[in-house]
Amino acid sequence: MSNVEEFRAEIRSWLRSHLTGEFAALRGRGGPGREHEAHAERLAWERHMAAEGWTCVGWPKEYGGRGASLEQQVAFHEEYALADAPARVGHIGEQLLGPTLIAFGTPEQRERFLPPIVAVEELWCQGYSEPDAGSDLANVRTRAERDGGQWVVTGQKIWTSQAHESDWCFVIARTEPGSTRHQGLSYLLVPLRLPGVDIRPIVQLTGTSEFNEVFFDGARTDAANVVGAPGDGWKVAMATLGFERGVSTLGQQVGFRRELEAVIDLARHNGAAADPLIRDRIARAWIGLETIRFNALRMLGGVAAGAPGPEASIGKIFWATWHRELGELAMDVCGAGGMLAAGEPYDLTDWQRLYLFSRSDTIYAGSNEIQRNIIAERVLGLPKEVRP
């Protein structure tokens, strides 16, 4: 048995024996559009995982991880999803900030911030998007100024996932007055539970509030809490985005497959499968999901070889569009009854929630329009779009 197979068997056995008792009811809870579900209980579950050594498995051992290989990390995320284990609450700290600090942070920053991420004692959110700098991240206007031993942050972030549950935020701010676009930006670690920070949840189509507005009005953080050199924030921010589209996407696809199989089962039971157009769309959805998986494996193969290719750029636009179309397919399979709420005042079915929340898939983490520009200009080398 290979090391990967042994590792896969180990996590599968652990999940089978530990997703029991008080944690059994957490199966399938949480996730995009459902982050409000059992948050405190999922936090307790994740801290139990930490105590057993199952958080941050891909981090080097010296930083509290297991030093798992890329193949072992894929196995972990796949087995976690196959067990229908609850959605992770520490994902942003573990998968985005942690690897960024390991790559760019100082020894003092790693010592301060990595252990609480491993132990799930501090939760993080991502302060990138702004009202005028969503997919056009280089248009950031939030500014930070040095005041003695601190940075003073002023500005607004938006669509900040789970900010209302987070303790810290990694913020892209303009620290060089007069700078524009990619220049003069810095990557700051900012505490959220201090004066000068106002977090306002945004009510979504689902009736829940996973996204937030975050206003910084003279919020302060220590001068040492800048990752990389001041002014090098764009480079660090792009590295974080690379980590975001890493091995955990394989676990995401297991969830997609479960959703597709449920749609197929519904179509068989309510007669929608008799419609040849529905059958054709289901077949196309199955093919699309296989394409997503193979593209992700190709991307990870390039990462392992030290030369990541264009697959990451292609992958996001493909899976986001696929998932949005799956939501539309699910509603068509439901038929006219899918337009009725399950209960008062606004109780949604899983299909309705999938349809509504998946509309955001093609917007967050880089809208489809911007992704197409990236593919055209940076991957294919086509002339740049004319901009005012």
Side-chain angles (χ1 to χ4, degrees), residues 27-39 81 84 86-87 91 129 134-135 158-162 201-212 249 251-293 315-372:
R27 290 181 183 270
R29 304 300 295 276
R34 300 169 58 188
E35 291 290 358
H36 61 288
E37 295 180 343
H39 182 271
D84 204 18
H91 169 82
S129 295
S135 294
I158 199 165
W159 310 123
T160 313
S161 299
Q162 296 304 105
I202 299 171
V203 179
Q204 301 151 195
L205 288 172
T206 53
T208 57
S209 297
E210 177 176 325
F211 300 120
N212 300 263
T249 58
Q252 176 194 52
Q253 290 157 37
V254 173
F256 287 171
R257 188 173 301 278
R258 185 180 289 113
E259 289 176 338
L260 175 58
E261 289 172 349
V263 170
I264 293 171
D265 187 62
L266 176 63
R268 286 171 173 162
H269 282 82
N270 73 359
D275 184 338
L277 295 179
I278 291 292
R279 292 202 304 272
D280 180 71
R281 289 169 65 187
I282 288 174
R284 289 176 180 273
W286 185 89
I287 293 169
L289 187 56
E290 292 299 302
T291 303
I292 292 171
R293 174 171 174 77
K316 199 281 170 176
I317 189 173
F318 197 97
W319 76 251
T321 304
W322 180 92
H323 199 226
R324 184 186 64 187
E325 292 174 352
L326 180 67
E328 296 169 353
L329 172 61
M331 292 301 292
D332 288 341
V333 169
C334 288
M339 294 186 288
L340 300 176
E344 298 292 343
Y346 190 59
D347 186 18
L348 301 178
T349 67
D350 288 343
W351 305 122
Q352 292 166 336
R353 187 172 288 106
L354 167 65
Y355 169 73
L356 292 172
F357 193 83
S358 63
R359 315 306 292 176
S360 68
D361 288 350
T362 56
I363 301 173
Y364 69 72
S367 69
N368 274 14
E369 291 79 8
I370 294 298
Q371 293 299 322
R372 291 189 181 100

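Worth knowing before you read on, the calculation uses all heavy atoms, side chains too, and leaves out hydrogens, waters and symmetry mates.
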Which atom pair, heavy atoms only, marks the closest approach of [X] to [Y]?
X    : Y    : result
R281 : D332 : NH1-OD2, 2.7 Å
G30  : A87  : C-CB, 3.6 Å
N368 : A320 : OD1-CB, 4.3 Å
F357 : P32  : CE2-CB, 3.4 Å
C334 : N270 : CA-ND2, 4.3 Å
I363 : K316 : N-NZ, 4.4 Å

Evaluate side chain to side chain contact (heavy atoms under 4.5 Å, CB included) for H323 paired with L354, printing each intermediate quantity in order. CA-CA 9 Å; H323 199 226; L354 167 65; 3.3 Å; yes
Distance-only, no hydrogens or angles: does the [X] side chain make a donor-acceptor pair with backbone N or O of [Y] under 3.5 Å?
X    : Y    : value
S209 : I202 : yes
Q371 : G315 : no
N212 : T160 : yes
S358 : Y355 : yes

Could you tell me if the side chain of W351 sits less than 4.5 Å from the side chain of V333, heavy atoms only? no
Relative to the ring of W322, is the ring of F256 parallel (under 30°), tilted (30 to 60°) or perpendicular (over 60°)? tilted
Between F211 and I158, is the side chain to side chain contact (heavy atoms under 4.5 Å, CB included) condition met? List the steps. CA-CA 8 Å; F211 300 120; I158 199 165; over 6 Å; no
With rounding to the nearest 0.5 Å, note down the distance linking [atom1] in [X] to [atom2] in [Y].
X    : Y    : atom1 : atom2 : result
S129 : W159 : OG    : CH2   : 9.5 Å
E35  : S161 : CD    : OG    : 8.0 Å
D361 : I317 : CG    : CD1   : 12.5 Å
D350 : R34  : CG    : CZ    : 5.5 Å
R29  : E37  : CZ    : CD    : 4.5 Å
R359 : Q204 : CZ    : CD    : 14.5 Å

Show the numbers, then the answer: is there a side chain to side chain contact (heavy atoms under 4.5 Å, CB included) between E210 and H36? CA-CA 7 Å; E210 177 176 325; H36 61 288; over 6 Å; no
List the steps, then state whether side chain to side chain contact (heavy atoms under 4.5 Å, CB included) holds for R257 with E290. CA-CA 9 Å; R257 188 173 301 278; E290 292 299 302; 2.7 Å; yes
CZ/R258: more than 12 non-hydrogen atoms of other groups inside 6.0 Å: yes
Heavy-atom count check: over 12 atoms from other residues, nucleotides or ligands less than 6.0 Å from R268 CZ? no
